[in-house]
Amino acid sequence: MKFDRPEEECGIFGVFNHPEAANLTYLGLYALQHRGQESCGIVSSDGMYLHAHKSMGLVADVFEDQGIFNTLPGKSAIGHVRYSTTGSSVTKNVQPIMVDYSRGSIAIAHNGNIVNAQLIKDELEAWGSIFQTTMDTEIIVHLLAMSKASSLLDRITEALVRVEGAYCLLFLSETQMVAVRDPNGFRPLCLGKRGDAYVIASESCALDLIEAKLVREIEPGEVVVIDKDGVNSFFPFKKVKPTPCIFEYIYFARPDSYIFGKNVYMVRKELGRQLARENKIEADLVIPVPDSGVPAALGYAQESGIRFEFGLMRNHYVGRTFIEPQQAIRHFGVKIKLNPVQDIIKGKRVIVVDDSIVRGTTSRKIVKMIRSAGAAEVHTLISAPPTDYPCYYGIDTPTRKELISSSHTIEEIRKYITADSLGYLSVEGMLKAVGTENTDFCRACFSGDYPVEFPILSPEAQLGLFNKE
Ligand code: AMP
């Protein structure tokens, strides 16, 4: 059995030492819903046993029945929200994964993508392991179960030394919660505190909701063990230069979160300012593609002095564009999600700011929408460089073939999306806006320079990668 496409875009959250651990985890997952809308789950520990509830669907639906929380007793809990591509959208792949093994029970929640998963899996299967899911996360379970080490920390470390790629992990045993961020620190992870309880979350916005204080971010390569002795930190892996994902700032994380040392909103606004410095356009209005384009559009407006308006309204009850698995439905999805405000747009020269063009279908729809609302001109500006390469570390970008900018010039893309002009942010401009004084970011989606090699790829992914000119 082969793995499906990578573990994409997930959010993890955990609480240790709180009488309402499962309930707080539920709230935390609510705040992380933007990181995954396909399925979710919570596993709690009462000190003796683990208890789980998980299913396909949004947090609000999966935990709709308040009675569920009576089945999740105990003072510690971990949770997961997951989004992945079609092939793996099945109930057996819903996280956290929970297993019983010789040492008791353990639950795991994972955000990221393990790039050597298939290699390890083939090896484990040759030794007789039987896999129940198509998730790369399951290899960690098998490696843990095989370890002869006596402490959970050592078993986890032993398992993870073999694993390469992007992972933020949360483990829950009967008595301990362990958080791990991979040595490159691709995905964000932070530690919070609420009274005597400790909290771990993918993004700080989840701490805010439950009124927990942000203590600090978990460091790249750090393993944090939380148990009755408090919080203990370890750095068991070989040190490498950290490369957090720049796309978290550009698109994925919530603007109110504080990740990789900065507030996401402020970074996006600066990207917009830089976009204005690099792309001067005569226009009457700047409008964002909501929601992710809003801070960058504001930054653009402030830097250029061009008036900002909400010219597109978003229906918030529709999920992100990528949720729909088929091209045909995605076309429809944009319309279902956005509607122009005619009185704002009519007769105006409009600049529309978005954070990225992936396949180009969304931008094309948006330009047509704005034009049909009576705009005199439509100029599309993107607050990031062209997305030329797929991500193998946990952001859902399609294969190289499907990424419009990998095979088309900017002028060709402009024609396709039918805009009067199209401008991107330069790589240098993006780095300047984000600020690289202390950090070297992974920007493989823009440059094709992948910080962690992937020993094995699906034929589909190889096609995308080796087309690199
Ligand atoms: P497309 O129609 O494929 O060009 O999609 C572009 C839109 O998708 C933009 O409005 C982005 O905000 C959004 N987007 C970019 N990257 C992702 C991603 N990894 N997952 C979901 N949506 C994305």
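Just the heavy atoms: all of them, side chains too, but no hydrogens, waters or symmetry mates, feed the values below. Note that ligands are numbered from 1 as they come in the structure, with each ligand's atoms numbered from 1 the same way. Since the model is a prediction, treat every value here as computed from it, not as a measurement.
Contact atoms of ligand 1 toward I395: 19 (N) (distance under 4.0 Å to a heavy atom of the residue). For ligand 1, the atoms closer than 4.0 angstrom to any heavy atom of E9 are 18 (C), 19 (N), 20 (N). Which parts of ligand 1 touch D355 is read off a 4.0 Å heavy-atom cut-off, strictly below it: atoms 11 (C), 12 (O). Close contacts between ligand 1 and R359 involve ligand atoms 1 (P), 3 (O), 4 (O) [criterion: under 4.0 Å to a heavy atom]. Heavy-atom contacts of T362 reach the following atoms of ligand 1: 1 (P), 2 (O), 5 (O), 6 (C), 7 (C) (cutoff under 4.0 Å). Residue contact check: S292 has heavy atoms under 4.0 Å from atoms 12 (O) of ligand 1.
In this structure, the side chain of S406 engages the main chain of R400 through a donor-acceptor pair within 3.5 Å.
For the pairing with S257, the side-chain hydrogen bond (donor to acceptor under 3.5 Å, both in side chains) check across H34, E203, E248 returns one residue only, E203.
F260 and Y258 have their aromatic ring centers separated by at least 6.0 angstrom.
Side chains of N93 and T134: a donor-acceptor N/O pair is present below 3.5 angstrom, by distance only. Residues T243 and D440 have side chains that never bring a donor and an acceptor to within less than 3.5 angstrom of each other.
Inclusion of G360 in the set of residues having an N or O under 3.5 Å from an N or O of ligand 1 is warranted. For ligand 1, the polar-atom distance check finds an N/O of D354 within less than 3.5 Å of one of the ligand's N/O atoms. Among the atoms of V358, some N or O lies under 3.5 angstrom from an N or O of ligand 1.
For atom 22 (N) of ligand 1, the candidate residues are Y83, Y251, F247; the nearest heavy-atom contact is made by Y251. Residue nearest to atom 9 (C) of ligand 1, selected from C391, S356, P290, G293: S356 (by heavy-atom distance).
With a 6.0 Å radius and a threshold of 12 heavy atoms from other residues, nucleotides or ligands, K432 has its NZ atom at or below the threshold. Within 6.0 Å of CE in M98 there are more than 12 heavy atoms belonging to other residues, nucleotides or ligands. Environment of CD in E211: sparse, with no more than 12 heavy atoms of neighbouring residues, nucleotides or ligands closer than 6.0 Å.
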